[in-house]
Amino acid sequence: MTVNYSNQPAPIGVFDSGFGGLSILREIRKVLPQYDYLFLGDNARAPYGNRSFQLVYEFTLQAVKYLFGQGCHLVILACNTASAKALRSIQQRDLEMLDPNRRVLGVIRPTVEEIGLITKSRNVGIFGTPGTIQSHSYDIEIAKMHPDINVHSHACPMWVPLVENRESDGPGADYFVKKDIEALMSKCRDIDSIILGCTHYPLLLNKIRQYTPAGVNIIEQGPIVAKSLKDYLNRHPEIEQRCSQGGACHYCTTEEASRFSPVASIFVNHYVDAEHVTL
Ligand code: DGL
């Protein structure tokens, strides 16, 4: 049985467990400023990275239902953990029941499509949350699309908590970023490109650059996802026509708005007036 959601044009929904998805939203808005956006951060329950498959799936499904309920016809899971653990089930099972005409897209596939054009040594490093790395989603997708690429993965369980707790510039961040980069590079000295496979990690970019060996490409997902979304909307006019235009962006969080707004403002470089919501 399908749910009777509104058919009016509506903002593009962008979801993350917390602040990280804002690094994607910021780049999407640069490339596609004409659309309206509705951002949802499940900050009250972040991080997702250490949570079970089932829980990440349940939380993500709640978020998708919320955004559909707000009218969104297209939802971007701007979260690798949710893309790795929930996207396939939602696309293949839940959409049919919720509304087969709506779409949910993730961030892993566009990143994997792009990496084949970037690496020369064909040795790629992936940093991600424990959930993303243990799901092997990157290994599986890269093996399908670029069978000649060797994938070297490393989970960074402390990086998201550092960002969520506003410690990205502190000495704790130096310690963990250096340690994790050394651990990844010790797996293969030929790695020439590292995917930041978590949307929170761009907030640690200065430190990541500082400790990454010179000449290694650091791949941020924001511009890749933005370009891929633009292509998607060109190829799918039936969805594009249902994305409202006006350039507005509304921010929702499951945390108290007053805790969300100051950090979110740093991510997007402008003042964020957020609304507290429950899923
Ligand atoms: N930003 C998310 C990602 O891209 C997840 C962070 C988390 O909640 O652990 O994986």
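Since this is a predicted model, take the numbers as computed values, not measurements. Counting starts at 1 for both ligands and their atoms, following the listed order.
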Walk me through it: do W159 and Y201 pass the test ring-ring contact (aromatic ring centres under 6.0 Å, His included)? CA-CA 7 Å; W159 291 16; Y201 295 173; 4.8 Å; yes
Salt bridge (Lys or Arg N to Asp or Glu O under 4.0 Å) involving K179 - partner list, sequence neighbours excluded: none
Could you give all pairs that pass the side chain to side chain donor-acceptor pair (under 3.5 Å) test and reach residues 142-151, with sequence neighbours left out? R122-D148, N123-N150, E141-K144
Quick check: are there more than 12 heavy atoms from other residues, nucleotides or ligands sitting under 6.0 Å from OH of Y211? yes
May I ask you to say whether E240 pairs ionically with R235, meaning some side-chain N is under 4.0 Å from a carboxylate O? no
Would you please name every residue forming a side-chain contact (heavy atoms from CB on, under 4.5 Å) with E164, sequence neighbours left out? F19, N43, A46, V160, H200
Is there any protein N/O under 3.5 Å from an N/O of ligand 1, and what does the full list of such pairs look like?
| unit_1 | atom_1 | unit_2 | atom_2 | d |
| --- | --- | --- | --- | --- |
| ligand 1 | 1 (N) | D16 | OD1 | 3.2 |
| ligand 1 | 1 (N) | D16 | OD2 | 3.4 |
| ligand 1 | 1 (N) | T199 | OG1 | 2.8 |
| ligand 1 | 1 (N) | H200 | ND1 | 2.7 |
| ligand 1 | 4 (O) | N80 | N | 2.8 |
| ligand 1 | 4 (O) | N80 | ND2 | 3.1 |
| ligand 1 | 4 (O) | T199 | N | 2.8 |
| ligand 1 | 4 (O) | T199 | OG1 | 3.2 |
| ligand 1 | 8 (O) | S17 | OG | 2.6 |
| ligand 1 | 8 (O) | Y48 | N | 2.6 |
| ligand 1 | 9 (O) | Y48 | N | 3.3 |
| ligand 1 | 9 (O) | G49 | N | 2.7 |
| ligand 1 | 10 (O) | N80 | N | 3.3 |
| ligand 1 | 10 (O) | T81 | N | 3.1 |
| ligand 1 | 10 (O) | T81 | OG1 | 2.7 |

